[in-house]
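Okay, so here's the structure we're looking at.
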Amino acid sequence: MKVLVIGAGNMGLTYAEGMASSPLLNKHKLRIYDTDPKKIEDLNKDERFDVYTNLDDCLPKAHIVFIAVKPYHSEALFEDMKPMLNKEQIFVSLMAGVTIETIQHGLDQNKVIRTMPNLPAQVGKGVTSYTEGKAISKVELLMVRNLLETTGTSIHVDTEKFIDASTGISGSGPAYVFYFMQSMLEAALKMGFSDYDSKVLVSSTFEGAIELFNQNNISPKSWIDKVASKGGTTQAAIDSMEDNNVKQLIQEAAYAAFDRAVELGKDK
């Protein structure tokens, strides 16, 4: 199985590294294509990759092609790719907002899988939602799922609506967590903690809370109730958030990302 990743940006390189480090390629090197001279120089130092700067040399013989470029580069890329393709190839999109129909039309190909990855894939903790066009077989879908899961876990969804929705939850979600962390860090610094102690307090709190959630079948609301005693310090913080509609604002932010993903798809 020859796998090609087009685009060595954050997501492309993350998936390239995950797949290249797995046994799925059966000792064959993963192929990666980019045009940035600095990236090419760095990639050539990695023995796991066969690095290409010309699509003619790598695209025609690839079995599975991951497309990991910025959405606004996709139209020109598809024009370059189209003459080199065959109908047996599978195309896996890591691009936000670009629909399966747009990719099929742009490449004149039917076998397309659309995904929504997220940044924690860089540390093997990613979650990737994915869905497929009708031409993809169950065997092909399983093969791609196994590749996606080299960077974490995956969730199969029935329609592209849920790809856009997962953009608002998991795709953009790490930024929401970092936003909350940054706010807590700044609060800790204002209280007089050092930079180091602030980081430990905040990061360990998030890590511990996530472990509690993952290891027990208890809802976040139930955990809040366990921590927040009536008239206590935690309840004072929760009351402040409730009074300021923080829950509603977070939900509105997630929907804003969702709506933007839908808009991007309509623009294509």
Side-chain angles (χ1 to χ4, degrees), residues 2-20 30-44 46 49-119 121-122 128-136 140 144 147-148 151 160 163-164 166-167 171-172 257 259-268:
K2 295 181 177 67
V3 178
L4 168 66
V5 175
I6 296 178
N10 284 335
M11 281 297 104
L13 187 56
T14 292
Y15 277 81
E17 290 174 339
M19 292 184 288
L30 183 137
R31 300 174 171 200
I32 190 164
Y33 164 85
D34 204 281
T35 57
D36 183 278
K38 182 63 171 67
K39 288 180 182 177
I40 296 300
E41 181 183 352
D42 293 338
L43 289 168
N44 276 322
D46 195 324
F49 302 138
D50 279 332
V51 185
Y52 296 86
T53 57
N54 190 328
L55 283 173
D56 282 312
D57 297 331
C58 57
L59 181 55
K61 294 183 179 180
H63 298 128
I64 300 177
V65 181
F66 282 75
I67 304 174
V69 301
K70 298 295 184 183
Y72 56 82
H73 288 151
S74 61
E75 188 173 342
L77 174 65
F78 292 165
E79 285 300 314
D80 290 340
M81 292 172 63
K82 193 185 298 186
M84 310 174 199
L85 306 180
N86 66 75
K87 296 299 182 181
E88 296 305 311
Q89 291 173 302
I90 300 169
F91 301 90
V92 183
S93 170
L94 301 176
M95 300 179 291
V98 184
T99 66
I100 289 175
E101 183 179 6
T102 296
I103 299 166
Q104 289 173 327
H105 178 74
L107 296 176
D108 192 24
Q109 298 288 320
N110 292 321
K111 293 188 177 184
V112 176
I113 295 173
R114 182 181 168 194
T115 75
M116 174 43 60
N118 71 353
L119 196 60
Q122 292 186 358
T128 304
S129 58
Y130 66 100
T131 194
E132 75 281 6
K134 293 180 180 179
I136 296 289
E140 290 168 335
V144 171
L147 290 171
L148 295 174
T151 61
E160 290 185 82
I163 296 293
D164 291 327
S166 64
T167 302
S172 300
D259 291 341
R260 181 57 183 150
V262 173
E263 288 174 5
L264 287 171
K266 291 178 178 177
D267 289 342
K268 290 296 174 184

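If you read the sequence from its start, that first residue is 1, and numbering goes on from there.
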**Asked** With a 4.5 Å limit on heavy-atom distance, are the side chains of Val112 and Glu132 in contact?
**Response**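 A side-chain contact under 4.5 Å is absent here.
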**Request:** Flag the pair Phe49 / Val5 as yes when at least one side-chain heavy-atom distance between them is below 4.5 Å, and no otherwise.
**Result:**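 They are not in side-chain contact.
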[atom1] of [X] to [atom2] of [Y]: how many Å apart, nearest 0.5 Å?
X: Leu30; Y: Glu17; atom1: CG; atom2: CD; value: 10.5 Å
X: Asn118; Y: Ser129; atom1: CG; atom2: OG; value: 9.0 Å
X: Ile40; Y: Thr35; atom1: CD1; atom2: OG1; value: 7.0 Å
X: Ile67; Y: Ile113; atom1: CD1; atom2: CD1; value: 11.5 Å
X: Arg31; Y: Asp50; atom1: CZ; atom2: CG; value: 7.0 Å

**Crowding at NZ, Lys70 (>12 non-hydrogen neighbours, <6.0 Å)** =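 Open.
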**Item:** Within 6.0 angstrom of Lys87 NZ, more than 12 heavy atoms from elsewhere
**Value:**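 For Lys87, atom NZ is crowded (more than 12 foreign heavy atoms under 6.0 Å).
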**Message:** Testing Met81, Glu79, His73 one by one against Leu77 for a side chain to side chain contact (heavy atoms under 4.5 Å, CB included), which residue passes?
**Reply:**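 When side chain to side chain contact (heavy atoms under 4.5 Å, CB included) is applied between Leu77 and each of Met81, Glu79, His73, only Met81 qualifies.
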Scan the side chains in residues 103-111 for donor-acceptor partners under 3.5 Å anywhere in the protein, sequence neighbours excluded, and list what turns up.
unit_1 : atom_1 : unit_2 : atom_2 : d
Gln104 : NE2    : Asn110 : O      : 2.9
Lys111 : NZ     : Glu140 : OE2    : 2.7

Of the non-hydrogen atoms in [X] and [Y], which two are nearest, and what is the gap between them?
X: Thr99; Y: Arg114; value: CA-NH1, 4.0 Å
X: Thr151; Y: Thr14; value: CG2-O, 3.8 Å
X: Leu264; Y: Ala96; value: CD1-O, 4.4 Å
X: Ile90; Y: Ile136; value: CG2-CD1, 3.9 Å
X: Asp34; Y: Ala8; value: OD2-N, 2.7 Å
X: Ile100; Y: Gly133; value: CD1-N, 3.8 Å

**Message:** Whether the side chain of Thr115 engages the backbone of Ser93 through a donor-acceptor N/O pair (distance < 3.5 Å, no angle test) should be reported.
**Reply:**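 The answer is yes, because a donor-acceptor pair under 3.5 Å joins these two groups.
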**Request:** Please check if the side chain of Ser172 supplies one atom and the backbone of Thr167 the other of a donor-acceptor pair under 3.5 Å.
**Result:**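 Flag set: sc Ser172 to bb Thr167 pair under 3.5 Å.
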Report, one line per pair, each donor and acceptor closer than 3.5 Å where one atom sits in a side chain of residues 52-66; sequence neighbours left out.
unit_1 : atom_1 : unit_2 : atom_2 : d
Asn54  : OD1    : Asp56  : N      : 2.9
His63  : ND1    : Lys2   : N      : 2.8

**Request:** Using a strict 4.0 Å threshold on nitrogen-to-oxygen distance, state whether Lys38 and Glu41 make a salt bridge.
**Result:**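 A salt bridge is absent here (no side-chain N lies under 4.0 Å from a carboxylate O).
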**For Thr128, all residues meeting side-chain hydrogen bond (donor to acceptor under 3.5 Å, both in side chains), sequence neighbours excluded** =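 Thr128 satisfies side-chain hydrogen bond (donor to acceptor under 3.5 Å, both in side chains) with Tyr15 once adjacent residues are dropped.
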**Request:** Apply side chain to side chain contact (heavy atoms under 4.5 Å, CB included) to the pair Leu147 and Val92, showing each step before the final yes or no.
**Result:** CA-CA 11 Å; Leu147 290 171; Val92 183; over 6 Å; no
